[in-house]
Amino acid sequence: MTRALWERPVAFVGGAWVDVDRSRAVVDPATEQPIGTAADCDPALVDAAVRAAASAAASWGQTPAEERASAIARLHTELVRRREQLVDTIVAEVGAPLRTARDAHVDVALDVLRWYAEQVDPGWFEYTIGNSRVVRQPAGVAACITPWNYPLYQLVVKLAPALLAGCPVVIKPAELAPLTAYLLVDAAVDAALPPGVVNLVPGSGAETGDALVRHPLVALISFTGSTAVGRQVASLAALRCKRVGLELGGKSASIVLDGAPLETAVRATVDSATLNSGQTCSAWTRLLVPASRYEEAVSLAGRDMAALVVGDPRDVRTDLGPLISAEQRRRVHDLVDRASAVGARIIRADRALPAVGYFTEPVVVADVDATTEIAREEVFGPVLTLLPHHGQEDAIASANASPYGLGGAVWAATEAQGLAVARRLRTGQVDVNGAEFNLAAPFGGFGASGTGRELGLAGLEEYTELQAIQT
Ligand code: NAP
């Protein structure tokens, strides 16, 4: 088990590990050193994996929901046993700091699995209306394509509802961080999931992912990633009448209204914008503050950014590790440089970063127009843009003037005011006055942030087809 899984390239097809002749090295972004080898599966292997899943579909779909839930509970147990190894692997392949890896990557994923293992209400799977029995049938083979930023969580939010709904899955993790997926499948083996129910085909998006999306026996594609690739996946799915769920990018606004606690709001927004080195889809990366308090907010944000510890992700004191790759760092730097070139004020601490690794300085961007690139585009790095607003209506209009709509925050003097503003935001999730994340609530986007929902019963519904049987 474990390290042996990524010492040579393997895929998992029809209940067995199979050797793959093409491979890719996986690099630790903090050390720039290779840490493992992942398979690079070709379309023939994708075909074998999808066929294995299709062969398992009828029996898994007819397995009682309680038994499917028990399998998820066993998978949860196996992953709990591997908790520290999962943490270490995520630190190594994503560069997430230890605390972030443990809390935001692994423990949340474990909680999601446990939640789905408890959802076996027969009334949800089948109900009566008039002379009809309405049955939620499994949608069929699900292709799960995930990004590198939260490699365990992104898989679990697909795998758990898919398994509970009765869908076998074929997983295509991101090339940059595929090792966690090996651990997940290893746990599924020890949890005795039937052959063909979980299949793993690491590889490139352009070849492996594309083959999966186009495969005629894939009934449903659950894709998490960039809006640009999501659009391509959706158009291919549309041509083939496949169901598709898209969890895409974001540029979420954190709105501070008059009378709200500014210091608390700025601190929480800096934390959100820099979580996982800013590589979080729902991060609050636009901070909208009353114009009268703009300078105060800029100074607080600069102070809070400077207080973050950037460095070795294996040190428990670290808040920010490296970015995932040199390319990602270049992209982030280019966006900040272009903002600077159009007159933005860039506030950054003057600290020494490690010489090796894809580290970057977290920055606050001020004095830009809401229409500038940095205020509109997803950066996917530790960059927070501050914009002034002129009252509640202006703040709502500004927050909604984004093609994205994934997360968001409202900071208000009263919960009633916060709720009233939250209802008017065109975004999938809004936290009022620093409310906690709720994994039973639907998560997903409006507009360019995607279609469909993950988490909760809404996430389970994505993997079902409704059938009405009249008697
Ligand atoms: P990405 O480049 O779109 O890749 C996402 C996944 O799609 C990867 O597994 C990728 O494979 C694969 N892929 C690429 N081209 C494909 C194609 N033509 N057909 C099928 N699959 C293809 O995104 P990323 O850079 O990994 O992740 C960052 C993005 O994900 C950000 O925009 C972020 O906001 C978004 N995200 C959204 C959510 C959400 O819940 N809304 C959550 C996390 C991340 P390769 O690895 O080989 O490229």
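Note: hydrogens, waters and symmetry copies are ignored here, and every other heavy atom, side chains too, is used. Counting starts at 1 for both ligands and their atoms, in listed order. From a predicted model like this one, the values you see are computed outputs, not experimental measurements. Sequence positions, counted from 1, serve as the residue numbers for this chain.
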Which pairs of donor and acceptor atoms, one on a side chain in residues 155-163, lie under 3.5 Å apart (sequence neighbours left out)?
unit_1: Lys158; atom_1: NZ; unit_2: Ser222; atom_2: OG; d: 2.9
unit_1: Lys158; atom_1: NZ; unit_2: Thr224; atom_2: OG1; d: 2.6
unit_1: Lys158; atom_1: NZ; unit_2: Glu454; atom_2: OE2; d: 2.7

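- Below 3.5 Å of separation, one finds no N or O of Glu454 facing any N or O of ligand 1.
- Between Tyr182 and Trp6, the angle of the ring planes lies from 30° to 60°, which puts this pair in the tilted group.
- Relative to atom 11 (O) of ligand 1, the option among Arg24, Lys172, Gln279 with the closest non-hydrogen atom is Lys172.
- For ligand 1, the polar-atom distance check against Thr227 finds no nitrogen or oxygen pair separated by under 3.5 Å.
- The protein heavy-atom contact nearest to atom 8 (C) of ligand 1 is Thr146 O, 3.3 Å.
- Residue Phe443 places no N or O, backbone or side chain, under 3.5 Å from any N or O of ligand 1.
- Those atoms of ligand 1 that come under 4.0 Å of a heavy atom in Asp210, given as number and element, are 19 (N), 20 (C).
- Salt-bridge check for Glu327 with Arg331: failed, with every basic side-chain N at 4.0 Å or more from each acidic carboxylate O.
- Taking every non-hydrogen atom of Asn149 and a distance limit under 4.0 Å, the qualifying atoms of ligand 1 come out as 43 (C), 44 (C).
- Among the candidates His333, Arg330, Gln328, the single residue satisfying the side-chain hydrogen bond (donor to acceptor under 3.5 Å, both in side chains) test with Thr360 is His333.
- At under 3.5 Å, a nitrogen or oxygen of Gly225, whether backbone or side chain, sits near a nitrogen or oxygen of ligand 1.
- The backbone N or O of Leu406 lies less than 3.5 Å from a partner atom in the side chain of Thr427, making a donor-acceptor pair.
- If you check which protein heavy atom lies closest to atom 13 (N) of ligand 1, you get Gly205 CA, 3.3 Å.
- Using a distance-only test at 3.5 Å, with no hydrogens or angles considered, no donor-acceptor pair links the side chain of Asp304 to the main chain of Ala301.
- Closest protein heavy atom to atom 24 (P) of ligand 1: Trp148 NE1, 3.5 Å.
- With hydrogens and angles disregarded, no donor-acceptor distance shorter than 3.5 Å links the side chain of Glu93 to the backbone of Val26.
- Here ring pair (Phe, Tyr, Trp, His ring centres under 6.0 Å) pairs that include residues 23-57, with residues two or more places apart or in two chains, number zero.
- Under a 4.0 Å N-O distance rule, the pair Glu465/Arg243 qualifies as a salt bridge.
- Taking every non-hydrogen atom of Val229 and a distance limit under 4.0 Å, the qualifying atoms of ligand 1 come out as 3 (O), 13 (N), 14 (C), 15 (N), 16 (C), 17 (C), 22 (C).
- Which parts of ligand 1 touch Gly209 is read off a 4.0 Å heavy-atom cut-off, strictly below it: atoms 19 (N), 20 (C), 21 (N).
- Not a single heavy atom of Gly450 sits under 4.0 Å from any atom of ligand 1.
- Comparing Tyr404, Phe223, Phe380 against atom 7 (O) of ligand 1, the shortest heavy-atom distance belongs to Phe223.
- Considering only non-hydrogen protein atoms, atom 41 (N) of ligand 1 sits nearest to Leu248 O, 2.7 Å.
- Shortest contact from atom 2 (O) of ligand 1 to any protein heavy atom: Ser226 OG, 4.0 Å.
- Under a 4.0 Å criterion applied to the non-hydrogen atoms of Gly249, ligand 1 contributes the atoms 32 (O), 34 (O).
- Residue Pro147 approaches ligand 1 through these ligand atoms, each under 4.0 Å from one of its heavy atoms: 24 (P), 26 (O), 27 (O), 43 (C), 44 (C).
- For a threshold of 3.5 Å applied to N or O pairs, the pair formed by Ser204 and ligand 1 contains no separation below that value.
- Remark: side-chain polar atoms of Arg22 are paired, donor with acceptor, to backbone N or O of Asp40 under 3.5 angstrom.
- A donor-acceptor pair under 3.5 Å links the side-chain atoms of Thr280 to the main chain of Leu275, judged by distance alone.
- Of the protein's non-hydrogen atoms, Thr224 O, 3.5 Å is the one closest to atom 5 (C) of ligand 1.
- Ion pairing between Arg51 and Asp47 holds under the 4.0 Å rule for side-chain N and carboxylate O.
- Between Cys281 and ligand 1, no N or O atom pair is found at a separation short of 3.5 Å.
- Closest to atom 43 (C) of ligand 1 among all protein heavy atoms lies Gln154 NE2, 3.1 Å.
- Atom 48 (O) of ligand 1 has its closest protein heavy atom at Glu175 OE1, 3.8 Å.
- Geometrically, ligand 1 and Glu378 share a nitrogen or oxygen pair separated by less than 3.5 Å.
- Around atom 18 (N) of ligand 1, the closest heavy atom drawn from Arg231, Arg453, Gln232 belongs to Gln232.
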Q: Give the intermediate values and the outcome of side chain to side chain contact (heavy atoms under 4.5 Å, CB included) for residues Asp431 and Trp284.
A: CA-CA 11 Å; Asp431 299 345; Trp284 307 332; 3.5 Å; yes
